[in-house]
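Below is one structure; the comments refer to it alone.
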Amino acid sequence: MKNRNKSLTFYTLMILLFGSFMYLIIHLEEKQHTPDDTIASAQAPENIIEGYHAFSQLLIEQIQSPFGLLLMQIIVILLICRIFGWIFNKMGQPAVIGEITAGIFLGPSLLGHFFPDISSFLFPLESLSRINLLSQFGLILFMYVIGMELDINEVKKKFQETLSISHTSIALPFVLGVGTAFFIYDTYAYQETPFLPFALFIGIAMSITAFPVLARIIQEKKMTRTHLGTLALASAANGDITAWCMLAAVVAIAQAGSMLSAVYNILLAAVYLLIMFYIVRPVIRMIGNLYHNREVVDKYLITMMFMLLILSSFITEVLGLHALFGAFVVGVIMPDNLRFRKIMSEKVEDVALILFLPLFFVSTGLRTEIGLLNSPEMWKLCGIFILIAIAGKMGGSILSARFAGESWKDSLLLGGLMNTRGLMELIVLTIGYELKILPPAIFVMLVIMTLVTTFMTTPLLSFINFCYRTGEKIVKQRQEAQKEGRFKVLLSFGRAVNGRTMLDVAHQMFTEGENKLDLTALHLTVGSDINPVHTESFEQDSFSPILNEAQKLNIQIQTRYEVTHNAGQRIVDIANNEPYDFLLVGAGISLSNLSTDISARKIYQSFFRFIGRINSPTHLFFPNALIHDKTKMFIEQANCSVGIFVNRSFVKATEIILIINAKDDLFLLNYATTLIKSTKGKVSILNRTNHIPSENELIHDEINDFVARTTDSIVLSGKELQRESFTGQNFLLISYATWNKLSVECEEALKDMPSTLIIKHGR
């Protein structure tokens with residue numbers, strides 16, 4: 001304390017001396033300064049009001065400066081894109097569709113049309129080139145990530161199987177697109193644009209499949225490891241490689257002016273690809289085998305990778321193939337080692353997806369003026385584009401899949417998946433627009449086609465599945481599982497370390513039951529835009545502790561990993577749609593005694609108390625406290641029994657306290673019987689039912705019968721729950737209904753509760 005006061009005194013003296021010195025210097029300078037020395041002195045504000053006006057003027061100038069305006073634009077773009085992405089996620093659509101729509105919202109079609117003053121202030125014409133330049137650089141990073149998402153080995157494995165599907169799904173819409181271009185060329189194309197590049201671009205626009213959006217839809221539909229999911233991904237990957245090679249050739253032809261002039265571009269492109277795949281790729285593969293963890297990946301290696309990315313983009317730009325093609329190729333030749341790919345994608349992906357891509361969406365939206373479609377003929381042509389795109393892509397995919405031996409259901413689903421265009425289509429359209437091949441009106445039509453074909457994917461898949469529904473009933477499945485002597489438990493966990501602890505709880509609670517324990521461990525990654533490259537390592541990291549614990553306990557468990565945008569609802573759906581008898585979930589940070597969770601909880605409480613949403617400092621044990629971790633949803637919506645586990649340094653349930661507050665709590669005795677068989681523990685029963693005379697005798701008989709047949713079980717003498725009731729206890733069994741009552745009546749006592757399992761008995 002003494003040293004602290006000395007430091008404070010020294011600090012105060014230093015501030016005073018420094019302030020006095022600065023005042024003296026300024027005062028001497030003002031004495032020597034005359035009003036005629038500078039114009040600025042005459043313009044200096046003389047009072048606080050003039051000072052405010054000067055400050056306001058300076059503030060406006062800074063906002064309207066090129067850099068200030070760019071920062072403001074980025075803030076607005078990111079905010080609007082995230083809002084629209086969230087809205088479309090709630091609608092069951094990929095967030096990218098919302099972000100594309102946000103770009104159109106900020107463009108001349110909506111904001112510029114209804115609020116022209118705001119639009120001209122936010123996006124003056126002279127600033128658009130800066131947004132476009134940044135978005136193009138972001139697309140280079142994005143295409144690099146997309147290239148890394150493609151697993152060349154998987155494409156090779158399924159090459160024979162997917163060749164006809166992927167290429168038919170490209171060829172048919174391509175031919176239809178070129179045929180359509182023949183009829184509209186004279187009316188809609190630029191006069192200086194030759195027919196060949198115009199027709200080829202229309203064909204490519206009809207043929208593309210958005211691999212990244214498709215991959216995320218397959219994740220959300222839980223199809224990643226199904227035959228259909230792997231077939232769709234491999235077909236889309238194969239098709240994307242083909243389509244981008246075709247696009248590179250089309251761009252070369254467009255920039256060269258004719259096929260003969262483009263021969264040299266295409267030959268040099270072939271040489272470039274040979275060098276990248278047969279010289280650069282082996283070297284990169286060697287690097288990936290040596291540098292596959294963060295400990296050895298240094299800045300020099302990252303610099304080399306970025307130099308290769310930018311150099312490849314530069315070469316393809318110079319060759320007339322577009323810089324994006326070079327970035328895509330570098331991503332494709334990255335080492336097969338998934339750890340290395342994950343490290344590299346983490347360096348790039350967040351910046352590319354979160355910062356740069358929204359700029360691209362808005363850059364596209366600022367070019368999309370729906371008002372250009374100002375006649376019935378134009379809207380009719382837009383509808384024709386949509387129909388041709390759907391018929392060509394879906395028709396080609398369905399026919400080729402049926403020819404390859406797929407069922408009608410899988411063929412239809414594959415057609416719906418391959419019809420997804422999304423972001424990749426916008427990139428193709430942007431290239432065509434910038435090369436003056438696609439006029440603004442055609443560009444708008446094709447953007448609308450992109451939105452429609454991507455938006456329809458999710459509802460179309462749901463409709464097809466609905467038409468082919470099997471009609472199996474969950475109750476029947478559960479009865480069949482019980483006949484087979486299985487007790488099915490779904491254990492859902494978030495943090496990996498929690499999974500290990502909850503497995504111990506499940507093992508102690510259920511292994512000594514009448515039926516054989518059938519346990520599934522579930523982990524969900526939240527976020528519909530998770531990179532497929534990352535999911536394998538996420539799954540491995542999440543399940544490693546629980547699998548090690550299962551091996552120690554010598555029990556078999558099944559693991560289940562999914563990516564979803566709504567974890568709580570997905571857990572409920574799995575528990576209800578599959579024949580599970582018990583759902584075991586954690587209470588999260590609500591009642592945890594871990595120091596990190598306590599700290600987070602205090603900050604949370606302080607923040608909401610500050611803004612007036614929480615008036616009582618004792619809300620922690622309020623019945624709805626668990627709602628913050630979605631556990632109330634599990635209890636209210638799950639049809640099976642639900643257990644909410646509160647971890648208070650749990651190791652083993654050897655000293656168990658069981659609270660009976662009503663007749664409906666007697667089911668806990670069955671759980672206690674199984675638990676003490678497993679742990680060889682002791683159980684203490686607190687009977688609080690004297691206040692219910694009509695049920696008291698029945699409850700006493702049940703409890704006495706339990707004590708008579710169970711060794712090491714006692715009835716506590718007291719009827720009220722106090723802090724002393726938990727002395728020496730390490731596990732509490734309580735029903736959800738009783739928890740709701742005691743969390744209000746006995747809040748102080750519950751602060752000392754041990755690890756707890758709150759159970760809602762299922763129907």
Side-chain angles (χ1 to χ4, degrees), residues 478 487-493 498 501-515 517 519 522 571-572 575-576 580-588 590-592 621 623-627 629-648 650 653 655-679 681 683-689 699 702-703 706 710 713 721 726 729-743 746 750 753-763:
R478 186 172 288 118
F487 185 77
K488 291 178 66 67
V489 175
L490 179 64
L491 186 160
S492 178
F493 66 96
N498 291 350
T501 305
M502 291 174 66
L503 177 62
D504 290 337
V505 174
H507 177 255
Q508 295 173 34
M509 284 289 301
F510 305 118
T511 49
E512 296 295 330
E514 296 178 359
N515 296 324
L517 177 61
L519 195 148
L522 172 67
I571 293 169
V572 170
N576 287 343
Y580 285 104
D581 300 294
F582 199 96
L583 169 63
L584 179 62
V585 295
S590 294
L591 305 172
S592 170
F621 289 94
N624 289 333
L626 295 177
I627 199 171
D629 297 295
K630 299 184 176 63
T631 50
K632 188 178 181 184
M633 183 202 334
F634 305 147
I635 287 173
E636 293 179 347
Q637 296 186 19
N639 296 328
C640 62
S641 297
V642 180
I644 308 299
F645 175 63
V646 180
N647 186 8
R648 293 273 177 114
F650 177 81
E655 300 291 340
I656 306 153
I657 179 170
L658 189 152
I659 301 177
I660 302 294
N661 197 63
K663 182 178 69 174
D664 292 338
D665 291 345
L666 291 174
F667 75 89
L668 293 173
L669 296 174
N670 294 327
Y671 286 102
T673 300
T674 306
L675 185 58
I676 59 179
K677 283 182 182 179
S678 175
T679 63
V683 61
S684 302
I685 302 173
L686 180 62
N687 183 7
R688 300 182 72 252
T689 59
I699 294 171
E702 289 284 343
I703 292 175
F706 174 83
T710 306
S713 61
L721 184 66
F726 296 123
Q729 309 292 343
N730 56 25
F731 198 74
L732 167 64
L733 273 178
I734 187 171
S735 72
Y736 180 62
T738 298
W739 167 263
N740 280 345
K741 293 179 181 178
L742 298 190
S743 59
C746 308
L750 285 174
M753 71 183 187
S755 294
T756 300
L757 189 62
I758 306 167
I759 301 178
K760 182 216 76 170
H761 199 45
R763 295 186 284 275

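These numbers come from a predicted model, not from an experiment.
- A search for side-chain contact (heavy atoms from CB on, under 4.5 Å) contacts involving S684 returns I714, L716, Q729, not counting sequence neighbours.
- Residues forming a ring-ring contact (aromatic ring centres under 6.0 Å, His included) with F493 (at least two apart in sequence, or on another chain): H523, F543.
- The side-chain hydrogen bond (donor to acceptor under 3.5 Å, both in side chains) search around S735 returns D665, T738, not counting sequence neighbours.
- Within the 4.5 Å cutoff, the side chain of P754 has no heavy atoms near those of the R648 side chain.
- Expressed to the nearest 0.5 Å, how far OH of Y736 lies from CD1 of I759 amounts to 14.0 Å.
- Rounded to the nearest 0.5 Å, atoms CG (L584) and CG (L491) are 4.5 Å apart.
- Here the CG atom belonging to L732 is positioned 8.0 Å from the CD1 atom belonging to I758, to the nearest 0.5 angstrom.
- The structure places CD1 of I734 at 13.0 Å from CD1 of I644, a figure rounded to the nearest 0.5 Å.
- In this structure, the side chains of F650 and Q508 come closer than 4.5 Å at one or more pairs of heavy atoms.
- In terms of heavy-atom proximity, L490 sits nearest to I571 at CD2-O, 4.3 Å.
- I685 CD1 to I699 CD1: the interatomic distance, rounded to the nearest 0.5 Å, is 12.0 Å.
- For the atom pair L757 CG and M502 CE, the distance stands at 9.0 Å (nearest 0.5 Å).
- Taking F510 as the reference, F487, F582 meet the ring-ring contact (aromatic ring centres under 6.0 Å, His included) condition, with sequence neighbours excluded.
- At least one side-chain heavy atom of N647 sits less than 4.5 Å from a side-chain heavy atom of S755.
- Judged by distance alone, with hydrogens and angles left aside, the side-chain atoms of T679 form a donor-acceptor pair with the main-chain N or O of A653 at under 3.5 Å.
- Checked by atom type and distance alone, the side chain of S641 never pairs as donor or acceptor with a backbone atom of H761 at under 3.5 Å.
- Scored by the ring-ring contact (aromatic ring centres under 6.0 Å, His included) test, F706 finds no partners at all (sequence neighbours excluded).
- Considering only heavy atoms from C-beta on, I660 stays 4.5 Å or farther from E702 through its side chain.
- When every heavy atom of A506 is checked against every heavy atom of L517, the shortest pair comes out as O-CD2, 4.4 Å.
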Derivation and outcome, side-chain contact (heavy atoms from CB on, under 4.5 Å), residues L721 and M753: CA-CA 10 Å; L721 184 66; M753 71 183 187; over 6 Å; no

Hey, can you pull the donor-acceptor pairs under 3.5 Å for the side chains in residues 667-677, sequence neighbours left out?
| from | atom 1 | to | atom 2 | distance (Å) |
| --- | --- | --- | --- | --- |
| T673 | OG1 | L669 | O | 2.9 |
| T674 | OG1 | N670 | O | 3.3 |

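- Listed by chain and number, the residues in a side-chain contact (heavy atoms from CB on, under 4.5 Å) with N730 are T654, E655 (sequence neighbours excluded).
- Put simply, the side chain of K760 gets close to the backbone of A638: a donor and an acceptor are under 3.5 Å apart.
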